[in-house]
Amino acid sequence: MAQDDKFKKLVSHCKEYGFIFQSSEVYDGLSAVYDYGPYGVELKNNIKKYWWDSMVQMHENIVGIDAAIFMHPKTWKASGHVDAFSDPLVDNKGSNKRYRADQLIEGYMDKIEGKINKEITKAKKRFGDAFNEEEFRATNGRVLDNAKKHEAVRLRLAAAMTNEDMADLKAMLEEYKINCPVSGSNDWTDVRMFNLMFYTQLGNVAGEEGKLYLRPETAQGIFVNFLNVQKTTRQKLPFGIAQIGKAFRNEIVARQFIFRMREFEQMEMQFFIKPGTQKEWYAYWKEYRLKWHTALGTAPEKFRFHDHDNLAFYADAAVDIEFEFPFGFKELEGIHSRTNHDLSSHQELSGRKLQYFDPQENESYVPYVVETSIGCDRMFLAMMSNALQEETVPDAKGKDSTRIVLKLPPALAPNKCAILPLLKNKEELTTKAREVFNKLKIHFKCQYDEKDAIGRRYRRQDAIGTPYCVTIDFDTLEDNTVTIRDRDTLEQIRVSIDEVAEIVSKKVDMKHLLA
RNA sequence: GCGAAUAUAGCUUAAUUGGUAAAGUUCCUGACUUCCAAUCAGGAGACAUCGGUUCGAUUCCGAUUAUUCGCUCCA
């Protein structure tokens with residue numbers, strides 16, 4: 001199957017079987033926003049549980065929180081999001097290149113300054129030792145003209161940036177004939193202020209006062225709660241705080257189905273450590289997180305580490321765990337050594353100490369942090385794309401037929417077990433099957449289905465990844481045994497009804513993944 | 001965001017050089033059926049949205065929305 005084709009099939013499979021729908025579909029959808037359907041939400045919840053248990057339940061020094069999506073605006077000042085990601089962008093229609101409008105104008109100002117400097121150099125040569133630069137600057141006509149121009153541009157740019165006057169930035173590009181360095185064209189699109197963060201209003205007073213951002217990452221909720229958590233749970237370094245939650249980024253280009261969405265869910269853990277130990281913890285988490293992935297049975301060659309070439313301003317080491325999606329190897333999870341950047345910066349801006357008293361060293365310091373951060377939706381997509389397969393299997397007459405099967409790890413599958421009476425027009429069978437269903441549904445997610453031929457029902461369960469099907473036939477009525485059919489091998493075993501819960505539980509339980 | 005392409009039923013795809021549309025599959029009802037997408041009978045379901053040209057638009061034109069690909073972006 002071609003890669004494009006495979007991706008297309010995955011997307012329609014997700015829709016057809018109720019995993020993922022486009023948001024607000026009846027209104028033609030909303031760009032890069034998706035909803036999880038009945039089976040999708042089960043799978044997603046199972047992924048979250050596997051992550052949470054592996055991180056929180058399995059580590060006595062990791063605890064969880066659930067911070068609010070809204071945070072004090074200063075949070076994003078401290079984290080660097082406000083300043084670093086708010087740019088006036090403009091595209092040149094000739095070259096289709098994108099620039100920051102303010103940088104283009106600054107480039108123009110540099111050019112004017114170049115002219116002034118040229119005059120000065122020329123004059124220096126002419127007057128020799130007698131040259132007085134200050135006097136020359138104050139008196140030379142051409143220099144004065146250019147200096148005046150430079151100052152005018154500078155003030156206008158500053159005003160436009162302060163007032164976010166995008167129209168004036170565009171007007172400046174046109175008036176000063178600032179052309180695209182690539183195409184030489186002056187044909188610009190409108191200038192747009194682009195900020196990666198969404199914002200909304202707190203209270204009903206409009207204006208800067210109540211301006212609130214939707215968090216672009218969950219990490220800051222952990223950082224600002226660092227001391228609360230450490231003190232209330234009496235943690236000693238090293239310890240971690242885990243969180244699963246929504247984050248929002250106004251991506252310029254959000255594409256590839258749920259791979260890059262504007263609203264998405266992160267599963268993050270910040271591990272607080274003694275400065276100087278970051279290398280070993282970074283290595284520990286790198287290994288632990290990869291193990292979490294491969295424990296699910298996904299082929300190891302589907303994963304690879306990718307070291308960051310350009311480290312973010314806060315990091316001293318960063319690696320991605322990449323997964324081979326249908327559209328190639330892409331980032332699935334990040335492991336970052338964030339130093340003490342975040343805590344220090346919150347400490348500075350809030351004026352509150354965010355330090356840990358180390359009883360062994362008998363001193364206080366700002367801990368270092370190693371972060372693991374995985375996109376829940378990306379994990380979902382990885383699991384789906386890895387699981388969706390087409391197989392050739394023999395049909396009732398022994399001929400080849402195509403089977404579409406979702407080979408999800410049993411622990412993550414939306415349904416664990418389907419309960420199927422062999423025939424629906426025999427009441428003894430359906431009654432018995434209902435009995436079995438009611439017995440099993442206490443243990444794990446089950447589905448009862450009596451419609452259509454048994455083979456079709458097996459295939460339907462295959463398509464949504466149900467690992468086991470229990471069939472009630474005429475023997476069941478005699479001796480209280482049923483068959484359990486395995487999704488992957490198609491093999492059936494006959495067992496007593498009383499054993500089903502235990503047998504299936506053992507196979508679909510998360511325990512063996514965590515151990 | 002720029003450029004290109006695309007948009008027909010839940011899904012996959014036809015046809016209409018401008019006269020409101022076909023099929024497979026799915027779904028619903030019933031019959032039948034003793035283990036891997038059986039069969040029979042009946043039924044439901046679509047031209048993305050808005051506007052223009054036209055006697056008449058699913059078809060032509062424009063805009064919008066969405067999707068895909070390339071470029072760009074991805075702290």
Side-chain angles (χ1 to χ4, degrees), chain A residues 4 7-9 11-18 21-33 37 76 79-87 89-100 183 187-192 194-197 216-217 219 249-257 259-260 308 310-315 318 320 327 330-331 334 336 338 341 391 393-399 401-405 420-426 429 451-463 469 471-477 482-483 485-487 490-492 494:
Chain A
D4 275 6
F7 187 44
K8 229 178 119 184
K9 281 189 178 170
V11 175
S12 43
H13 192 90
C14 281
K15 182 176 181 198
E16 188 171 0
Y17 289 93
F21 308 121
Q22 180 150 37
S23 162
S24 325
E25 207 190 37
V26 295
Y27 294 109
D28 291 327
L30 188 61
S31 181
V33 186
W76 308 112
S79 70
H81 287 82
V82 173
D83 297 328
F85 300 99
S86 185
D87 305 321
L89 297 180
V90 65
D91 292 279
N92 184 268
K93 290 179 185 167
S95 60
N96 291 330
K97 292 279 171 208
R98 166 166 297 165
Y99 301 95
R100 276 176 55 179
S183 67
D187 193 3
W188 298 103
T189 61
D190 285 340
V191 180
R192 287 162 306 252
F194 196 84
N195 193 317
L196 208 49
M197 289 191 289
E217 64 175 23
R249 292 181 197 177
N250 200 0
E251 301 279 359
I252 301 173
V253 176
R255 242 188 254 168
Q256 282 163 324
F257 198 38
F259 183 78
R260 180 164 291 126
H308 284 211
N310 302 316
L311 289 175
F313 56 87
Y314 57 69
D320 290 340
F327 37 86
K330 299 273 174 174
E331 179 186 356
H336 303 141
R338 289 180 85 127
H341 169 266
E391 277 184 351
V393 294
D395 66 10
K397 297 178 191 102
K399 280 194 192 158
S401 71
T402 305
R403 172 172 90 123
I404 294 169
V405 55
L420 317 169
L422 187 59
L423 300 173
K424 87 162 170 183
N425 62 353
K426 297 280 183 293
L429 290 180
K451 187 162 173 354
D452 298 314
I454 187 76
R456 181 187 288 269
R457 280 178 274 160
Y458 285 148
R459 297 294 176 88
R460 258 204 298 264
Q461 294 300 326
D462 288 343
C469 291
T471 305
I472 285 76
D473 58 20
F474 291 98
D475 289 347
T476 311
L477 304 174
V482 294
T483 59
R485 178 247 193 200
D486 184 293
R487 177 195 67 197
L490 303 179
E491 275 163 19
Q492 286 179 292
R494 184 162 276 279

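Note on naming: letters A, B, ... go to the chains in the order of the sequence lines (proteins, then strands), and numbering restarts at 1 for each one.
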Does rU33(B) have a Watson-Crick or wobble partner in any strand here, with both distances under 3.5 angstrom, and which is it? none

Ion pair Glu25(A)/Lys15(A), N-O distance below 4.0 Å: yes

Separation of atom CG in Asn425(A) from atom C1' in rU29(B), rounded to whole Å: 15 Å

Is the shortest heavy-atom distance from the side chain of Val405(A) to the side chain of Gln461(A) under 4.5 Å? no

rA5(B) versus rA44(B) - spacing of their P atoms, nearest Å: 40 Å

Can you tell me, in whole Å, how much space there is between the C1' of rU64(B) and that of rU26(B)? 32 Å

Expressed as a whole number of angstroms, how long is the span from Phe259(A):CZ to rC69(B):P? 12 Å

Which whole-number value in Å describes the distance from Lys426(A) NZ to rU33(B) C1'? 8 Å

Could you check which nucleotide pairs with rU54(B) in any of the strands shown, counting Watson-Crick or G-U wobble with both distances under 3.5 Å? none

Go ahead and name the base partner of rU59(B); Watson-Crick or wobble counts if both distances stay under 3.5 Å, otherwise write none. none

Asp473(A) with Arg494(A): basic N within carboxylate O range, under 4.0 Å: yes

Could you give the distance separating rA23(B) and rU8(B) at their C1' atoms, to the nearest angstrom? 13 Å

What one-letter contact string describes nucleotides 35-52 of chain B from 5' to 3', where B marks a base within less than 4.0 Å of any protein heavy atom, S marks contact via sugar-phosphate atoms alone, and - marks no contact? BBBB---------SS---

Backbone of Ala463(A) reached by a side-chain donor or acceptor of His13(A) within 3.5 Å: yes

Give the rounded distance in Å between these two atoms: CZ of Arg255(A) and P of rU72(B). 12 Å

So, Arg487(A) and Glu391(A), do they make that salt bridge, N to O below 4.0 Å? no

Are the side chain of Arg457(A) and the backbone N or O of Asp452(A) linked by a donor-acceptor pair below 3.5 Å? yes

Interatomic distance at C1', rC32(B) relative to rU13(B), whole Å: 32 Å

Using Watson-Crick geometry (N1-N3 plus N6-O4 or O6-N4) or G-U wobble (N1-O2, O6-N3), each under 3.5 Å, rA66(B) is paired with rU6(B)

Applying the 3.5 Å cut-off to both distances, the Watson-Crick or G-U partner of rA38(B) turns out to be none

Could you state the atom-to-atom distance from CG of Asp452(A) to C1' of rA31(B) in whole Å? 13 Å

Let's test this: given Watson-Crick or G-U wobble pairing with both distances under 3.5 Å, identify the partner of rU12(B). rA23(B)

Which value, in whole Å, describes the distance between the C1' atoms of nucleotides rG51(B) and rU65(B)? 14 Å

Quick one: does any side-chain atom of Arg249(A) pair with a main-chain N or O of Arg260(A) as donor and acceptor, under 3.5 Å? no

Whole-Å distance, Arg260(A) CZ to rC73(B) P, equals 12 Å

Under a 4.5 Å cut-off applied to non-hydrogen side-chain atoms, are Trp76(A) and Glu217(A) in contact? yes

Can you build the contact string for nucleotides 4-14 of chain B? Use B for base contact, S for sugar-phosphate-only contact, and - for no protein heavy atom under 4.0 Å. ------BSSS-

Between rU59(B) and rG1(B), how far apart are the P atoms? Round to whole Å, please. 27 Å

Once you apply the 3.5 Å cut-off to both distances, tell me the Watson-Crick or G-U wobble partner of rU17(B), or none. none

Tell me the closest heavy-atom pair linking Thr471(A) and Gln492(A), and the distance in Å. OG1-NE2, 4.5 Å

Could you check how far CZ of Phe257(A) sits from P of rA66(B), rounded to whole Å? 16 Å

Using atom P in both nucleotides, what's the gap between rU67(B) and rG45(B) to the nearest angstrom? 29 Å

Evaluate side-chain contact (heavy atoms from CB on, under 4.5 Å) for Val393(A) paired with Leu490(A), printing each intermediate quantity in order. CA-CA 9 Å; Val393(A) 294; Leu490(A) 303 179; 3.8 Å; yes

Could you tell me which nucleotide pairs with rC71(B) by Watson-Crick or G-U wobble geometry, both distances under 3.5 Å, or answer none if nothing does? rG1(B)

Side chains of Thr402(A) and Arg459(A): any donor to acceptor distance under 3.5 Å? no

Whichever of Gln256(A) and Lys451(A) has the more 5' nearest nucleotide on RNA chain B, that residue is Lys451(A)

How close or far is atom C1' of rA31(B) from atom CG of Leu423(A), stated in whole angstroms? 14 Å

Give me the distance, rounded to whole Å, that separates rA66(B) from rA48(B) when you measure between the C1' atoms they each carry. 8 Å

